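Right, one structure below, let's go through it.
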Amino acid sequence: MNVEDIPVPAMAAIRVSKEGKSALFETTIIQTTDNKYIYTMPVRVDNKLVNFEAKGLLKEIKIEFAPFEFYEWRNISIIRFVEDGKSYLRIRTTTPGIRAMAWSDKPVTTSKKKKKENIIKQEALDVVNAAQAVQAERTSEGDET
């Protein structure tokens, strides 16, 4: 698939990987040019722009052409630029896109750690603590006789 065939606008996901770890970010394609440049809206997490220009990252973009129809471009480069006071991403590719399946990863929407829900409910702990207190009271009453 050629860059010039990408529908505009289109939903897309950028995946970055390094040392076996990866993260997925959603964006929107807003323009294509020269069969090698894809322009997208910037990616923000917690209202901060994501920097894709770090060294050593493997970057890929997957674009949804139609429901359940995806094409992927690998080994892309991504730079952020500002035009008329607004930020955009310019993605450069040197290879055609290949037909692909949707990524199973969930997109990053926040950098805040989600509080893990306790498996044991507080009510259960309260019941156990009350039962232990009653048992301790009975045991101490038995010691007094």
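Worth knowing before you read on, the calculation uses all heavy atoms, side chains too, and leaves out hydrogens, waters and symmetry mates. Since the structure is predicted, the reported quantities are computational estimates derived from the model, not experimental observations.
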Which distance, rounded to the nearest 0.5 Å, do you find between the CZ of Arg99 and the CZ of Phe70? 9.5 Å
Salt-bridge test for Arg74 and Glu72: reply yes if a basic N is under 4.0 Å from a carboxylate O, no otherwise. yes
Would you kindly confirm whether Val50 and Leu89 end up in one hydrophobic cluster when ILVMFWY residues are joined by side chain heavy atoms under 4.5 Å apart? yes
Closest non-hydrogen contact found for Asp5 with Met1 is CB-SD, 3.4 Å
Can you hop from Phe65 to Ile91 via hydrophobic side chains spaced under 4.5 Å? yes
Heavy-atom pair with the smallest gap, counting every atom of Lys18 and Gly56: CG-O, 3.7 Å
Approximate separation, where rounding is to 0.5 Å, of Met11 CE and Lys62 NZ: 14.5 Å
Taking every heavy atom of Leu24 against every heavy atom of Arg15, the minimum-distance pair comes out as CD1-CB, 3.7 Å
Taking the side chain as every heavy atom from C-beta outward, state whether Phe52 and Leu57 have any atom pair closer than 4.5 Å. no
Trp73 and Thr95: which non-hydrogen atoms are nearest, and at how many Å? CD1-O, 3.1 Å
Inter-residue atom distance Ile61.CD1 - Asn75.CG, 0.5 Å rounding: 13.5 Å
With a cut-off of 6.0 Å (strictly less than), are more than 12 heavy atoms of other residues, nucleotides or ligands near CD of Glu53? yes
Between Ile76 and Leu49, is there shared hydrophobic-cluster membership here, with clusters defined by ILVMFWY side-chain heavy atoms closer than 4.5 Å? no
Could you state the interatomic distance from OG1 (Thr40) to CD1 (Ile14), rounded to the nearest 0.5 Å? 5.0 Å
Is any side-chain heavy atom of Arg80 closer than 4.5 Å to one of Tyr88? no
Any chain of hydrophobic side-chain contacts (each under 4.5 Å) joining Val43 to Val16? yes
Assign the ring pair Tyr39 / Phe81 to parallel, tilted or perpendicular, where the plane angle (0 to 90°) is split at 30° and 60°. perpendicular
Distance check, rounded to the nearest 0.5 Å: Glu19 atom CD versus Leu58 atom CG? 12.5 Å
Keeping Thr32 on the side-chain end and Ile38 on the backbone end, is there a donor-acceptor pair under 3.5 Å? no
Any side-chain heavy atom of Val82 sitting closer than 4.5 Å to one from Ser87? yes
Are Ile63 and Trp103 connected, step by step, through hydrophobic side chains (Ile, Leu, Val, Met, Phe, Trp, Tyr) whose heavy atoms are closer than 4.5 Å? no
Where is the tightest heavy-atom contact between Asn2 and Pro96, given as atom of each residue plus distance? OD1-CB, 4.4 Å
Interatomic distance, CD1@Ile78 vs OG1@Thr93, rounded to 0.5 Å, equals 10.5 Å
In the structure I gave you, are the side-chain heavy atoms of Lys36 and Val3 within less than 4.5 Å of one another anywhere? no
